[in-house]
There are 2 protein chains.
Amino acid sequence: MDLDRSLVSGSMALLVLKLLEERDLYGYEMMETLRARSDDTFHLKAGTLYPLLHGLEEKGLVTAYEREAAAGKPRRYYHLTDQGRCALTEKEASWQRYARAMHRVLKGGACCAGA
Amino acid sequence: MDLDRSLVSGSMALLVLKLLEERDLYGYEMMETLRARSDDTFHLKAGTLYPLLHGLEEKGLVTAYEREAAAGKPRRYYHLTDQGRCALTEKEASWQRYARAMHRVLKGGACCAGA
DNA sequence: CCCTCCTATATAGATATTCGATATATCGGA
DNA sequence: TCCGATATATCGAATATCTATATAGGAGGG
């Protein structure tokens with residue numbers, strides 16, 4: 001499942017890149033934003049997010065910079081690179097294709113089921 | 001990602017159950033049907049399908065029976081049980097929920113981005 | 001006749017994604 | 001002072017899927 005492997009299982013990467021399209025964010029913020037935006041459907045965990053971000057950075061899809069917060073630990077912000085923007089476009093297209101195919105299969109069956 | 005783990009990564013199980021909702025099928029047939037139905041998007045591999053079918057059988061979601069073909073090896077047909085039908089309904093609902101959440105996140109960003 | 005491809009099922013090992021648990025550090029409230 | 005929230009990080013485990021390989025019969029070409 002070429003498409004599946006890197007996309008649907010890896011949908012977290014797509015979601016993170018999508019969030020960064022709008023503005024720079026730090027990790028913790030992403031978790032909350034994603035939860036809110038998805039109406040509490042996506043619960044991205046810290047143990048998933050941080051390794052993912054490091055991976056994206058290695059691939060050059062995002063860059064990172066640190067900034068002190070008013071209180072607490074300094075925050076590590078992530079910024080989408082041009083390459084990241086490109087990858088995002090591709091991943092979005094793949095998702096659309098995947099979702100459409102799912103829809104076609106799920107709709108095709110049931111009652112009358114033309115085949 | 002509770003939802004994600006068992007559903008989106010496990011979307012193959014959903015697809016297989018969906019195909020069996022219509023009529024009994026044997027493994028090889030499923031691969032071809034799925035490919036055709038999804039407009040060549042899903043390429044379910046033998047090494048994925050057969051272990052998956054065994055798993056579904058163990059869980060009681062499908063039953064299997066063998067039947068000779070006109071030629072070649074005998075075919076192992078799979079039939080959806082009531083329990084399987086129930087699981088299918090649940091998985092379909094979960095998929096809808098997931099797809100909707102994805103749509104919300106992917107749509108929410110971009111230009112105007114209300115938040 | 002042999003070799004390869006297509007049908008058909010099956011298993012083992014590899015890879016990737018995500019989670020749970022754990023660790024660190026700072027701040028505010030009970 | 002101890003706990004919870006913020007904030008980042010890493011490791012081991014679970015799971016899904018893939019690739020490669022094996023078996024087996026039939027059809028077609030060299």
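Basis for what follows: all heavy atoms, side chains included, without hydrogens, waters or symmetry-related copies. Reminder, nothing fancy here: chain letters follow the sequence lines and each chain counts from 1.
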task = Remember a base hit wins even if backbone is also touched, and classify A:G47 as base, sugar-phosphate or nothing at under 4.0 Å, heavy atoms.
result = base
request  = May I ask you to evaluate whether B:H54 reaches the phosphate of C:dT11, defined as a side-chain N or O under 4.0 Å from OP1 or OP2?
outcome  = yes
ask   = Quick one: is B:Y26 getting a side-chain N or O under 4.0 Å of the C:dA8 phosphate, OP1 or OP2?
value = yes
Below 3.5 Å between N/O atoms, which protein atoms pair up with nucleotides 3-5 of chain C? Just atom names and distances, please.
none

ask   = Do the non-hydrogen side-chain atoms of B:T63 and B:E57 ever get within less than 4.5 Å of each other?
value = no
Nearest-Å distance, [atom1] ([X]) to [atom2] ([N])?
X     : N      : atom1 : atom2 : value
B:Y98 : C:dT17 : OH    : C1'   : 11 Å
A:M30 : C:dT18 : CE    : C1'   : 17 Å
B:L25 : C:dA8  : CG    : C1'   : 14 Å
B:L56 : C:dA10 : CG    : P     : 13 Å
B:L44 : D:dA16 : CG    : P     : 14 Å
A:E29 : D:dA5  : CD    : C1'   : 16 Å
A:L52 : C:dT17 : CG    : P     : 9 Å
B:M12 : C:dT17 : CE    : C1'   : 15 Å

request  = Can you establish whether the number of heavy atoms outside B:E66 located under 6.0 Å from its atom CD is more than 12?
outcome  = yes
query = Just wondering, are more than 12 heavy atoms of other shown residues or ligands nearer than 6.0 Å to NE2 in A:H54?
reply = yes
So which atom in [X] and which in [Y] form the shortest heavy-atom distance, rounded to 0.1 Å?
X     : Y     : value
B:K45 : B:M31 : C-SD, 4.1 Å
A:L25 : A:R23 : CD2-NH1, 3.3 Å
A:T81 : A:G60 : OG1-O, 2.7 Å

request  = Return the nearest nucleotide to the side chain of B:Y28; candidates are C:dT9, C:dT18, D:dT10.
outcome  = C:dT9
inquiry  = Among C:dT11, D:dT19, C:dT7, which nucleotide has an atom closest to any side-chain atom of B:K45?
reply    = D:dT19
Polar pairs (N or O, both sides) under 3.5 Å between protein and nucleotides 23-27 of chain C?
none

key: Aromatic ring pairing B:Y77/B:Y26, orientation class (parallel under 30°, perpendicular over 60°, tilted between)   = perpendicular
ask   = Counting distance only, does the side-chain N/O of A:R67 pair as donor-acceptor with the main-chain N or O of A:R75 below 3.5 Å?
value = no
ask   = Does the ring center of B:F42 lie less than 6.0 Å from the ring center of A:Y98?
value = yes
request  = Return the 5'-most residue of the pair B:Y78, B:E32 with respect to DNA chain C, ranking by each residue's nearest nucleotide.
outcome  = B:E32
